[in-house]
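All values reported here derive from a predicted model rather than from experimental measurement. Hydrogens, waters and symmetry mates are skipped; everything else that's a heavy atom, side chains included, is used. Every number for a ligand or one of its atoms is a count from 1 in the order of the listing.
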Amino acid sequence: MSTPSANNPLEALRPVLELLADGEVHSGQALGTALGVSRAAVWKQLQKLEQFGLALESVKGRGYRLPGGLNLLDAAAIETGLSAAATSLLGELVVADRVDSTNAQLLGLLERGGGHGVAMFAEQQTAGRGRRGRSWVSPFSGGINLSIGWQFSGGVQLLEGLSLAVGVALARALAEFEVPDVRLKWPNDVWCRGRKLAGVLLELSGDLTDRCAVVVGVGVNVGLPQGAAAAIDQPWIDLNSVCAGIDRNRLAAAMLNQLLPLLDSYPECGFAAYRDAWQDLDQFAGRPVCLRSAQREWRGIAAGVDNSGALLLEVDGERRSFHGGEISLRGQE
Ligand code: BT5
């Protein structure tokens with residue numbers, strides 16, 4: 001797939017971004033010389049950067065800097081970190097500057113008959129999606145926004161529990177960077193220190209009884225600017241506040257190294273292969289929770305998940321399984 005240039009409006013600004021990525025002060029003169037353009041042209045480029053929400057700082061009499069620097073996603077750097085297994089399963093790697101939603105882009109591709117094995121990362125999403133019409137806050141360079149398209153035959157029931165298994169895969173990728181206190185919250189959240197660090201959104205297309213496709217969408221917070229994060233209406237956390245300095249390209253590769261083999265083997269092995277690992281990471285195991293669905297509310301003690309990924313709750317001494325709804329810790333619902 002060729003990346004539509006509309007998804008890469010930063011292309012022309014990459015050289016100046018790469019100079020500023022070190023977080024140091026650069027004078028307009030030095031930037032102009034390095035880029036081979038006039039100071040006025042540098043100024044125009046810097047103004048455009050601000051349109052991406054990048055907080056450029058002007059240091060009086062000295063020049064400009066991007067506080068904290070930038071660690072841009074780069075396809076070649078991601079590819080360097082891929083395992084042999086992931087490399088052989090990857091159809092195409094796309095790194096976009098800005099898209100509406102990587103899931104929406106991948107769904108479009110799948111509907112046009114392509115997309116299998118395509119992994120798309122975006123520095124920024126203007127309409128990042130959560131479940132049930134909710135949104136995912138994804139400011140420029142603030143995290144990893146990734147969608148992978150996967151076609152398979154045999155009907156959608158083969159993907160039962162997949163969003164939970166993806167959570168396990170993410171936890172494994174984060175463990176490679178020794179991120180502390182990572183837990184999973186049923187059905188699709190990765191938490192850290194009691195706050196949401198990452199979310200998973202699966203979207204399906206095709207004939208759900210036969211040949212169909214899934215888009216696995218994952219958003220992980222790396223360094224969310226406070227301004228953008230103000231729009232998040234629940235406790236959140238980013239990697240920089242627990243484990244600063246993780247290279248985004250290495251993390252992106254680690255995620256693909258986990259997710260591509262998972263997708264390849266999932267129709268055969270299913271959630272049973274991930275259940276124990278999921279339960280070891282369960283944020284709410286043994287705790288009193290409230291499960292809310294559109295129709296009603298259940299109160300019980302969280303007792304893990306079954307082989308299909310359904311939530312198990314002890315309700316009035318009886319163990320019941322639930323396939324949908326949202327859980328919260330009792331007392332905090
Ligand atoms: C999710 O939905 O958690 C799924 C998020 C999936 C995002 C990825 S990014 C790549 C791909 N492309 C997309 O367009 N989406 C996927 P849900 O469980 O419905 O949670 C959404 C809720 O999480 C929101 O209503 C907020 O409360 C909260 N939220 C939004 N942005 C957040 C963020 N950056 N960090 C933590 N929480 C956030």
Side-chain angles (χ1 to χ4, degrees), residues 7 53 73 93-110 115 118-150 162-164 166-167 169-171 173-174 179 182-205 214-242 248 251-252 255-256 259 283-284 291-294 309 311 324-328 332-333:
N7 291 344
L73 291 174
L93 180 63
V94 180
V95 177
D97 294 332
R98 177 160 67 187
V99 294
D100 49 356
S101 145
T102 53
N103 264 36
Q105 296 280 320
L106 256 296
L107 276 175
L109 266 183
L110 289 165
V118 173
M120 175 185 254
F121 292 91
E123 289 286 9
Q124 181 183 16
Q125 296 183 113
T126 52
R129 299 181 184 172
R131 294 175 307 144
R132 303 162 202 258
R134 292 187 288 249
S135 54
W136 184 254
V137 172
S138 19
F140 189 84
S141 175
I144 304 280
N145 307 301
L146 163 66
S147 296
I148 304 176
W150 207 261
L162 178 61
S163 75
L164 283 77
V166 168
L170 289 177
L174 292 166
V179 178
V182 172
R183 297 279 178 276
L184 299 175
K185 180 193 173 201
W186 187 88
N188 72 320
D189 283 6
V190 180
W191 277 26
C192 177
R193 300 190 174 158
R195 291 157 176 267
K196 185 158 175 166
L197 173 68
V200 177
L201 173 67
L202 301 190
E203 295 188 84
L204 296 160
S205 92
V214 63
V215 175
V216 175
V218 176
V220 182
N221 297 327
V222 179
L224 280 192
Q226 285 295 337
I232 304 176
D233 58 359
Q234 64 169 289
W236 61 271
I237 196 163
D238 59 20
L239 290 174
N240 283 353
S241 51
V242 282
R248 287 167 76 231
L251 176 59
M255 287 163 62
L256 291 179
L259 290 169
Q283 169 85 21
F284 286 168
L291 172 74
R292 201 173 296 111
S293 73
L311 175 74
E326 308 281 338
I327 53 168
S328 53
Q332 294 177 13
E333 53 267 37

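Taking every heavy atom of Gly128 and a limit of under 4.0 angstrom, the matching atoms of ligand 1 come to 14 (O). Those atoms of ligand 1 that come under 4.0 Å of a heavy atom in Leu146, given as number and element, are 10 (C). Counting the atoms of ligand 1 from 1 in the order shown, those under 4.0 Å from a heavy atom of Ser147 are 11 (C), 12 (N). Every atom of ligand 1 with a heavy atom of Ser101 under 4.0 Å away is listed here by number and element: 12 (N), 13 (C), 14 (O).
Under 4.0 angstrom from ligand 1, the non-hydrogen atoms of Gln125 all belong to its side chain. Of all the heavy atoms of Arg134, the ones lying under 4.0 Å from any atom of ligand 1 belong exclusively to the side chain. Contacts with ligand 1 closer than 4.0 Å are made by heavy atoms of both the backbone and the side chain of Val137. At a heavy-atom cutoff of 4.0 Å, ligand 1 is contacted by the side chain of Asn188 but not by its backbone. Contacts of Ser135 with ligand 1, taken as heavy-atom pairs under 4.0 Å, involve the backbone alone.
Of all protein heavy atoms, the one lying nearest to atom 3 (O) of ligand 1 is Lys196 NZ, 2.7 Å. What sits closest to atom 35 (N) of ligand 1 on the protein, heavy atoms only, is Asn221 ND2, 2.8 Å. Looking from atom 10 (C) of ligand 1 to the surrounding protein, the closest heavy atom is Thr102 OG1, 3.2 Å. Protein heavy atom closest to atom 4 (C) of ligand 1, with residue, atom name and distance, is Val200 O, 3.5 Å. Closest protein heavy atom to atom 27 (O) of ligand 1: Asp233 OD1, 2.4 Å. Here the protein heavy atom with the shortest distance to atom 6 (C) of ligand 1 is Arg129 O, 3.5 Å. The closest protein non-hydrogen atom to atom 28 (C) of ligand 1 is Gln234 NE2, 3.5 Å. Nearest protein neighbour of atom 29 (N) of ligand 1, counting heavy atoms only, is Ile232 CG2, 3.6 Å.
One option in Trp191, Trp136, Trp236 has a heavy atom closer to atom 38 (C) of ligand 1 than any other, and that option is Trp136.
Put simply, the side chain of Trp136 reaches to within 4.5 Å of the side chain of Asn145, judged on heavy atoms. Here the side chains of Pro187 and Arg131 are in contact, with some heavy-atom distance below 4.5 Å. Considering only heavy atoms from C-beta on, Lys196 stays 4.5 Å or farther from Ile232 through its side chain.
Arg129 and Ala104 get closest at one heavy-atom pair: NH2-CB, 3.3 Å. Considering all non-hydrogen atoms of both residues, Leu291 and Gly324 come closest at CD1-O, 3.8 Å. Heavy atoms only, all atoms of each residue included: Ala119 and Leu146 are closest at CB-CD1, 4.1 Å. Nearest heavy atom pair, residue Gly217 against residue Asn103, reads CA-OD1, 3.1 Å. The two residues Val222 and Asp238 make their nearest non-hydrogen contact at O-CB, 3.3 Å. In this structure, Leu110 and Gly149 approach most closely via the heavy-atom pair CD1-CA, 4.3 Å.
From Gln125, atom CD reaches atom CD of Gln105 across 9.5 Å, with rounding to the nearest 0.5 Å.
The side chain to side chain contact (heavy atoms under 4.5 Å, CB included) test with Cys192 singles out one residue from Leu197, Leu174, Asn221, and that residue is Leu197.
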